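Here, residue 1 is the first one in the sequence, and each next residue gets the next number. In what follows, every heavy atom counts, from backbone to side chain, and hydrogens, waters and symmetry copies are set aside. Given the structure is predicted, the values throughout are model-derived calculations rather than measurements.
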Amino acid sequence: MNPGLGVEFVGAISRVIERIGAAPASFPVWPGTEGGPSILRRALVDRFPYAVGFEVHPEHVLVLAIPHTRRRPLEWLRHAF
């Protein structure tokens with residue numbers, strides 16, 4: 001176990017969400033979601049194998065999931081729509 005790893009993870013998630021808020025359209029469309037009902041974008045989390053899946057709306061950004069990128073990363077989509 002690495003003491004403080006959870007705190008580092010939360011910090012990394014916070015930083016990527018701040019980056020998303022500043023420029024959401026700068027993140028790529030999530031591969032494999034192009035034909036879905038809305039455009040889903042993906043932001044990778046620094047140092048951890050996670051990504052933030054989100055939609056961009058006129059007044060806000062909606063975070064849909066923070067899945068592990070090496071464990072069926074699109075599995076959450078089955079439950080999202």
Side-chain angles (χ1 to χ4, degrees):
M1 259 193 174
N2 295 335
L5 192 60
V7 172
E8 290 180 36
F9 178 70
V10 170
I13 296 293
S14 295
R15 287 188 295 279
V16 77
I17 288 175
E18 286 176 13
R19 290 190 352 248
I20 290 168
S26 69
F27 292 90
V29 172
W30 196 306
T33 68
E34 297 86 353
S38 64
I39 296 173
L40 302 180
R41 295 188 177 273
R42 174 179 74 170
L44 298 176
V45 178
D46 292 334
R47 188 170 176 239
F48 295 93
Y50 286 84
V52 177
F54 64 96
E55 295 176 329
V56 179
H57 296 273
E59 299 294 324
H60 65 279
V61 172
L62 177 63
V63 173
L64 299 170
I66 304 175
H68 195 284
T69 58
R70 296 182 192 136
R71 295 185 186 145
R72 295 188 276 168
L74 294 177
E75 181 68 21
W76 63 272
L77 281 174
R78 289 183 350 145
H79 308 287
F81 299 104

Check whether [X] reaches the backbone of [Y] with its side chain - one donor and one acceptor, N or O, closer than 3.5 Å.
X	Y	result
Glu18	Val16	no
His57	Glu59	no
Thr69	Pro49	yes
Arg41	Phe27	yes

message: Surrounding CG of Leu5 (heavy atoms of other residues, nucleotides or ligands, distance under 6.0 Å), is the total greater than 12?
response: yes

task: Report the C-alpha distance between Arg15 and Ile20 in whole Å, list the side-chain angles of each, state the deciding distance to 0.1 Å, and finish with yes or no for side chain to side chain contact (heavy atoms under 4.5 Å, CB included).
output: CA-CA 9 Å; Arg15 287 188 295 279; Ile20 290 168; over 6 Å; no

- prompt: If we only count heavy atoms from C-beta on, is the Arg19 to Asp46 side-chain gap below 4.5 Å?
  reply: yes

Hydrophobic cluster identity match, Leu40 and Leu62, side-chain contacts under 4.5 Å: yes

field: Interatomic distance, Glu55 atom CD to Thr33 atom OG1 [nearest 0.5 angstrom]
entry: 10.0 Å

query: Residues two or more places apart in sequence or in another chain: which of them pass side-chain contact (heavy atoms from CB on, under 4.5 Å) with Phe9?
result: Ile13, Phe48, Tyr50

Closest approach of Glu34 to Val29 (non-hydrogen atoms, all atoms of both residues): CG-CG1, 4.2 Å

- request: Please name the pair of heavy atoms, one in Trp30 and one in Pro67, separated by the smallest distance, quoted to 0.1 Å.
  value: CH2-CG, 3.6 Å

